[in-house]
2 protein chains.
Amino acid sequence: MRSPEELRHNLSRAILHVRSGHATSRRVLADALRLSPSTTGYYVDQLIASGHLAESGLEQGRMGRPKRMLRTVPGAGWFAGIEFNAERVQAVRVDFSGAQTRTLTHRLPEDADTASVLQEIARLITELHEGRKGALLGIGIGAPGLIDPAAGVGVHYAFLPGWRNVPVRAELAKHFEVPIILKNNLRVIALAERWFGGGRELDDYVILGPRRGFGIAVVKHGRLLDGQHHATGEIGRWVWPLNGEGGEMQQALCSAAVWRRLAGVTSTAPLPGDLRAALQSLAQVDGEAWQGVVNDYARVLGLLHLLLDAPAYFLHGPLTALGRRFCTDIALQTARLMPALKDMPPNIVASSLGDDAGALGAASHAMEAWQPRS
Amino acid sequence: MRSPEELRHNLSRAILHVRSGHATSRRVLADALRLSPSTTGYYVDQLIASGHLAESGLEQGRMGRPKRMLRTVPGAGWFAGIEFNAERVQAVRVDFSGAQTRTLTHRLPEDADTASVLQEIARLITELHEGRKGALLGIGIGAPGLIDPAAGVGVHYAFLPGWRNVPVRAELAKHFEVPIILKNNLRVIALAERWFGGGRELDDYVILGPRRGFGIAVVKHGRLLDGQHHATGEIGRWVWPLNGEGGEMQQALCSAAVWRRLAGVTSTAPLPGDLRAALQSLAQVDGEAWQGVVNDYARVLGLLHLLLDAPAYFLHGPLTALGRRFCTDIALQTARLMPALKDMPPNIVASSLGDDAGALGAASHAMEAWQPRS
DNA sequence: ATATCATATTGCGATATTGAAATATATGAG
DNA sequence: CTCATATATTTCAATATCGCAATATGATAT
């Protein structure tokens, strides 16, 4: 399209490429945008004039005229990223150049309800800004449970009392006059991986999210897959064992269940306050319980890898505390259980992002959606 | 882009939309192309002048000026679609309006080799044209085994002696001076489903292909998924049983295995000459063997549906001879085995396309790739 | 009848984007 | 020092495409 809308879209694409560090000069940016160098130069001039981009010196290649390096201007504004569940609200401030400049966490009380969560989100966004300059450009929210992204509504979430058809966007719009964008928890993590994690170089990857339940997010051709019932990746609800009946896989493979199995406690035992720390202390264990967990994960990865054939599987959530050995053991065992994968074991990596992956991803979402004014 | 290349691309997109029947007038076409009505009018004028499109009367809607209906001109040329495996070569002729106007099948002798297959393909393409008018515009090939689509080379196929690194495109280019385009068997079937089958209205669907082996093709956002090792959908190589070791799923679920189980013969028994007919005669059976097969397929569909959440699963290959009951039984059993799917059972349908789906898909591939000359 | 509304197509001036050529800056060979 | 080659950016006329206004056609209400 040749509409002004399309121009703005192209300008924002240009900024995304420069921010990501993939495009460093006008010429490279032109290739990335699949636009001509002349057009790209015109864009860059506009964006420099509007204060969104700046030149940062020259870089000499092997030959020829040096590149005039481009970067995004940190002070051109900032984005708020929020992720929450029944236990906590996390908030990050990301400046216009994509740097994480502040992180806040608020533990929710046991009796938190819908109103208090919304209030807390608004409070954290305000607090993110305190003492800093620059304009808020957008708010991204990663919300748990079932979401209606178009309406900006949280449809249902079992672990927060009264969380049904909550108009998150509308409520926050009372306090902040910027675009507010809502997405599922696991899906924003997929975005975080693209911007801040190992997905930077990849067009295809899979997020493994064993947390309270067990879902996965699949990115193919740079796009998150979404299904008819928004149930894509809901593999936590597979029957378990795989050729049995009754139970759900997430009962055996969610983070709490893995801790229980490794710690050797019954399912009625209380969970530790800090699951991540508790798991870390178990990262060196071995024996039957460890093998059992690895084996179960390998079964799942085998199925996934022959179906999705992704170049990387990023493990997220508390189980990353189990360290690299957990991932390599699973990959090895996958190749053993699934002979077809002998020569192409899945590349499983613990995400380099921490517990704030969701909030970072929410901020990424806001960054991706942002467009210059006119 | 303002390039002539992009203009041609848009013209071919316009033709694809008109041919598919989705776009019936200039206005509707503009929406489909996401271009402005004025631009679209300009395109349509050009394409009418070049003889690719024609107006076919008016259609009065509920209100307003009637649509000036558009259609593709059948005589503007034709496409050849070829699919083959170790047993037969199939060829279809599809005219410019997307109508299948001729179908040829050639059974290969037991001792067929690489050269004879290539020769037969060339002969069939020539025969497709006999007695008809119009120019050949493109050739699509659906080839079995491992393919290098970019090079137009058949890399490997176990069931044809000497089929290794066969330069299919180069060989055929000696006889035909039109674009020749190569794709995997199952993948062209996915295209056939989009153009001629139930995928016309769908952006997302899955092809189930239990034939010699068992692979699936997944279409999401209108695009076929492809993986790092071109192994996306190779679920026939899942271990079987699912939580066991050793065997591959396709040994139990490929079309021949299903026939054996339903017919109650051992795995050493010879296969019937016409597997499809043999299966059709078994479509009314019931009892343990039937339940067993349905159960196994339901296990697989349950896993797939919670992962892909597709609105439709199209069954292809000989097993379609088992009729609608086979599909509905599987869907029912899936919902039973996988409680999470109780309210969203998979929509499994026997493809409306017959044995020539592959050849039709190959022709579709050629149609999609075609672009007007200048 | 006639006004008004909804939709489809055409015409035209405005503009976003291109391709080609010109310019800028580096390396290396003779 | 000069020339050839390589890469990056800038300039500019040419044009594909857009938005908008005008025109066409018929449905419905008054």
Side-chain angles (χ1 to χ4, degrees), chain A residues 1-15 17-18 21-50 53-71 371-374, chain B residues 1-15 17-18 21-50 53-71 371-374:
Chain A
M1 277 178 267
R2 212 63 0 114
S3 56
E5 188 191 331
E6 191 65 11
L7 170 58
R8 261 183 304 150
H9 178 69
N10 275 343
L11 289 174
S12 89
R13 277 175 65 217
I15 289 179
H17 276 102
V18 172
H22 285 289
T24 51
S25 79
R26 288 165 173 79
R27 183 61 226 272
V28 179
L29 180 59
D31 287 346
L33 291 173
R34 296 172 154 277
L35 292 170
S36 70
S38 26
T39 309
T40 308
Y42 170 61
Y43 285 172
V44 170
D45 291 346
Q46 277 192 249
L47 288 169
I48 289 177
S50 64
L53 294 186
E55 292 187 350
S56 57
L58 303 179
E59 191 182 86
Q60 181 58 55
R62 286 191 55 73
M63 206 176 269
R65 178 171 174 173
K67 299 172 198 282
R68 300 165 66 171
M69 305 296 284
L70 298 173
R71 60 179 180 82
Q371 293 203 335
R373 287 186 164 271
S374 65
Chain B
M1 276 179 265
R2 208 56 45 83
S3 58
E5 188 192 331
E6 191 65 11
L7 170 58
R8 258 183 306 149
H9 178 68
N10 277 341
L11 289 174
S12 90
R13 278 175 65 217
I15 288 180
H17 276 102
V18 172
H22 285 288
T24 51
S25 80
R26 289 165 172 79
R27 182 61 226 271
V28 179
L29 181 59
D31 287 345
L33 292 173
R34 296 173 155 276
L35 291 170
S36 73
S38 30
T39 307
T40 309
Y42 169 62
Y43 285 170
V44 170
D45 291 346
Q46 276 192 250
L47 289 169
I48 289 178
S50 64
L53 293 185
E55 292 187 350
S56 57
L58 304 180
E59 190 182 86
Q60 185 56 57
R62 285 189 54 73
M63 200 178 278
R65 177 172 174 172
K67 298 172 198 280
R68 297 164 67 174
M69 305 296 283
L70 299 173
R71 59 179 181 82
Q371 294 203 335
R373 285 185 165 273
S374 63

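What you see is a predicted model, and the numbers here were worked out from it, not measured in a lab. A, B, ... follow the sequence lines: proteins, then strands. Residue 1 opens every chain. For the numbers below, each heavy atom of this structure counts, side chains included, while hydrogens, waters and symmetry mates do not.
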Subject >> Protein-nucleotide distance (A/E55, atom CD; D/dT10, atom C1'), rounded to Å >> reply: 13 Å

Subject >> Under 4.0 angstrom between A/Y42 side-chain N/O and C/dT17 OP1 or OP2 >> reply: no

Original post:
Less than 4.5 Å apart, any side-chain heavy atom of B/V28 and any of B/M69?
Top reply: no

Subject >> Separation between OH of B/Y42 and CG of B/L7, rounded to the nearest 0.5 Å >> reply: 6.0 Å

**OP:** Summarise how protein sits on nucleotides 21-27 of chain C as a single string, 5' to 3': B when a protein heavy atom is under 4.0 Å from the base, S for sugar-phosphate-only contact, - for no contact.
**Re:** ---BBBS

**OP:** Output the single nucleotide from C/dA20, D/dT17, D/dG19 whose closest atom is nearest the side chain of B/L35.
**Re:** D/dT17

Original post:
With respect to the phosphate group of C/dT18, does any side-chain polar atom (N or O) of A/T39 fall under 4.0 Å of OP1 or OP2?
Top reply: yes

Subject >> Contact residues, residues 23-32 of chain B to DNA chain D [heavy atom, < 4.0 Å] >> reply: none

**OP:** Return yes if some donor-acceptor pair links the side-chain N/O of A/R27 with the main-chain N/O of A/K67 below 3.5 Å, else return no.
**Re:** no

Subject >> Set of residues satisfying side chain to side chain donor-acceptor pair (under 3.5 Å) with respect to A/Q60, sequence neighbours excluded >> reply: none

**OP:** Write down the distance between CD1 (B/I48) and C1' (C/dT10), rounded to a whole number of angstrom.
**Re:** 13 Å

**OP:** To the nearest Å, give me how far apart CZ (B/R8) and C1' (D/dA16) are.
**Re:** 15 Å

Original post:
Residues in side chain to side chain donor-acceptor pair (under 3.5 Å) with B/Q371, at least two apart?
Top reply: none

Original post:
How long is the span from the CG atom in A/L33 to the CZ atom in A/R13, to the nearest 0.5 Å?
Top reply: 5.0 Å

Original post:
Who are the side chain to side chain donor-acceptor pair (under 3.5 Å) partners of B/S50, not counting sequence neighbours?
Top reply: B/H52

Original post:
If only side-chain N and O atoms of B/Y43 are considered, is one of them under 4.0 Å from the OP1 or OP2 phosphate oxygen of D/dT17?
Top reply: yes

Original post:
Is there a side-chain contact between A/D45 and A/R26, using heavy atoms and a 4.5 Å cut-off?
Top reply: yes

**OP:** Would you tell me if any nitrogen or oxygen in the side chain of B/R68 comes within less than 4.0 Å of OP1 or OP2 on C/dT7?
**Re:** no

Original post:
Please give, in whole Å, the distance from C/dA6 C1' to B/K67 NZ?
Top reply: 12 Å

**OP:** Starting from C1' on D/dC18, measure out to CG on B/L7 and report it in whole angstrom.
**Re:** 15 Å

**OP:** Starting at atom NE2 of B/H9, determine the distance to atom P of D/dA16, rounded to an integer number of angstrom.
**Re:** 16 Å

Original post:
What residues form a side chain to side chain donor-acceptor pair (under 3.5 Å) with A/S25, not counting sequence neighbours?
Top reply: none

**OP:** Round to the nearest Å and state the distance from A/E59 atom CD to D/dA8 atom P.
**Re:** 11 Å

**OP:** Starting at atom CZ of A/R34, determine the distance to atom C1' of C/dT18, rounded to an integer number of angstrom.
**Re:** 16 Å

